[in-house]
Participant: 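Submitted below is the structure of interest, expressed as structure tokens.
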Amino acid sequence: MLDAEQRLAGMGALGIVVSLFTPWWRDPYPPELSHAAINRFSWIELSLLLVSTSVLLLLLRRAQGRVFHLPLSDGLLAMGAGLWCCVLVIVRVADPPTQAVGSHHFQYDVRFGFALCLAASLLLAFAGLRARRRYHRGKPESVAADADAEPTLPLPG
């Protein structure tokens with residue numbers, strides 16, 4: 001069973017994945033077309049997808065009671081993942097794709113999908129910070145990581 005911070009982190013990571021399928025760009029020519037982030041797939045979208053699915057996999061394994069050790073606590077990993085996704089979204093918006101029509105180059109207009117992804121990334125970072133502060137306040141990171149690796153469900157046997 002996941003606690004409140006883990007569920008919040010899961011919602012943030014799932015929100016990042018869902019936002020990749022929402023409109024991020026409006027085509028400059030013709031202007032009525034919109035493109036989802038997944039349509040303009042680059043290393044940034046791949047990184048967003050990998051980071052968010054990694055967090056979801058971590059949460060799934062913790063919910064199943066699997067024991068595995070990581071070098072950092074789950075909260076710090078989620079916070080780092082959320083902040084990294086924020087940086088990636090800002091980089092993507094700062095460098096929009098362009099389209100050449102004849103000798104003219106047009107930039108794509110930004111749509112609401114990037115704001116959804118940024119909000120989900122901030123939610124993921126907030127959930128990680130909240131989990132780290134709630135369960136491991138004042139503890140060294142190695143002790144916090146070991147505490148997160150302890151099983152929460154009784155092992156069969």
Side-chain angles (χ1 to χ4, degrees), residues 1-28 31-99 107-137 139 141 144-153:
M1 190 68 174
L2 297 176
D3 59 22
E5 286 79 13
Q6 289 173 323
R7 287 192 299 271
L8 200 60
M11 289 185 338
L14 192 60
I16 293 170
V17 173
V18 168
S19 74
L20 292 175
F21 296 95
T22 60
W24 278 47
W25 308 108
R26 182 179 315 145
D27 203 332
E32 58 271 355
L33 293 178
S34 291
H35 297 282
I38 207 79
N39 293 86
R40 303 278 185 210
F41 205 73
S42 69
W43 69 272
I44 292 178
E45 288 79 14
L46 178 65
S47 298
L48 287 169
L49 192 61
L50 286 174
V51 168
S52 57
T53 54
S54 297
V55 170
L56 289 171
L57 182 63
L58 168 72
L59 294 173
L60 174 69
R61 298 296 184 190
R62 291 292 189 214
Q64 292 173 344
R66 302 269 177 101
V67 177
F68 55 93
H69 293 276
L70 297 171
L72 301 172
S73 68
D74 293 351
L76 192 62
L77 288 172
M79 184 177 68
L83 292 176
W84 177 241
C85 287
C86 287
V87 168
L88 291 172
V89 170
I90 291 169
V91 166
R92 171 47 76 208
V93 171
D95 185 28
T98 59
Q99 180 181 30
Q107 283 192 349
Y108 284 70
D109 295 329
V110 177
R111 298 291 301 252
F112 69 90
F114 90 93
L116 180 63
C117 189
L118 187 62
S121 301
L122 288 171
L123 180 66
L124 179 58
F126 173 72
L129 176 66
R130 191 170 153 188
R132 176 73 171 110
R133 285 187 175 172
R134 181 175 180 186
Y135 297 111
H136 308 297
R137 181 180 292 275
K139 293 181 185 175
E141 191 57 33
D146 289 341
D148 283 342
E150 292 176 3
T152 56
L153 299 175

Participant: Using the side chain to side chain donor-acceptor pair (under 3.5 Å) criterion, which residues pair with Gln6? Sequence neighbours excluded.
Facilitator: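 Here no residue qualifies.
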Participant: Given 3.5 Å as the limit, does a donor-acceptor pair link the side chain of Trp24 with the main chain of Ser19, or not?
Facilitator: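 Side chain of Trp24 to backbone of Ser19, a donor-acceptor pair under 3.5 Å: yes, one is there.
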Participant: Could you tell me which residues satisfy side-chain contact (heavy atoms from CB on, under 4.5 Å) with Ala120, sequence neighbours excluded, listed by chain and number?
Facilitator: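 Partners of Ala120 under the side-chain contact (heavy atoms from CB on, under 4.5 Å) test: Ile16.
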Participant: For Thr53, enumerate each residue passing the side chain to side chain donor-acceptor pair (under 3.5 Å) test, keeping only those at least two apart in sequence or located in another chain.
Facilitator: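 Side chain to side chain donor-acceptor pair (under 3.5 Å) list for Thr53, sorted by chain: empty.
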Participant: In Å, rounded to the nearest 0.5 Å, how long is the span from CZ of Arg62 to CG of Asp3?
Facilitator: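 Arg62 atom CZ to Asp3 atom CG measures 11.5 Å (nearest 0.5 Å).
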Participant: Please list all pairs meeting side chain to side chain donor-acceptor pair (under 3.5 Å) that have one or both residues in residues 121-131, counting only residues at least two apart or in different chains.
Facilitator: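 For residues 121-131, and leaving out neighbouring residues, the side chain to side chain donor-acceptor pair (under 3.5 Å) pairs sorted by first residue read Glu5-Arg130.
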Participant: Which heavy atom in Leu124 sits nearest to a heavy atom in Ala9, and how many Å separate them?
Facilitator: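 So the two residues come closest at CD1-O, 3.5 Å.
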Participant: Is it the case that the side chain of Arg7 and the backbone of Leu2 share a donor-acceptor pair, with hydrogens and angles ignored and the cut-off at 3.5 Å?
Facilitator: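 Yes, because the side chain of Arg7 sits within donor-acceptor range (under 3.5 Å) of the backbone of Leu2.
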Participant: Not counting sequence neighbours, which residues clear side-chain contact (heavy atoms from CB on, under 4.5 Å) with Leu129? List them please.
Facilitator: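 If we apply the side-chain contact (heavy atoms from CB on, under 4.5 Å) test to Leu129, skipping adjacent residues, the hits are Met79, Arg133.
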Participant: Would a 4.5 Å heavy-atom cut-off, applied to side chains only, mark Leu118 and Cys86 as touching?
Facilitator: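 They are in side-chain contact.
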Participant: Taking only residues two or more places apart in sequence, or in another chain, which ones meet Arg61 in a side-chain contact (heavy atoms from CB on, under 4.5 Å)?
Facilitator: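 Listed in chain order: Leu57, Gln64, Arg66, Phe68.
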Participant: Would you tell me whether Arg111 and Thr22 have side-chain atoms, one donor and one acceptor, within less than 3.5 Å of each other?
Facilitator: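 Side chains of Arg111 and Thr22: no pair found under 3.5 Å.
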Participant: Do Trp84 and Leu88 have side chains that approach each other closer than 4.5 Å (heavy atoms only, starting at C-beta)?
Facilitator: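 With C-beta onward as the side chain, the pair touches.
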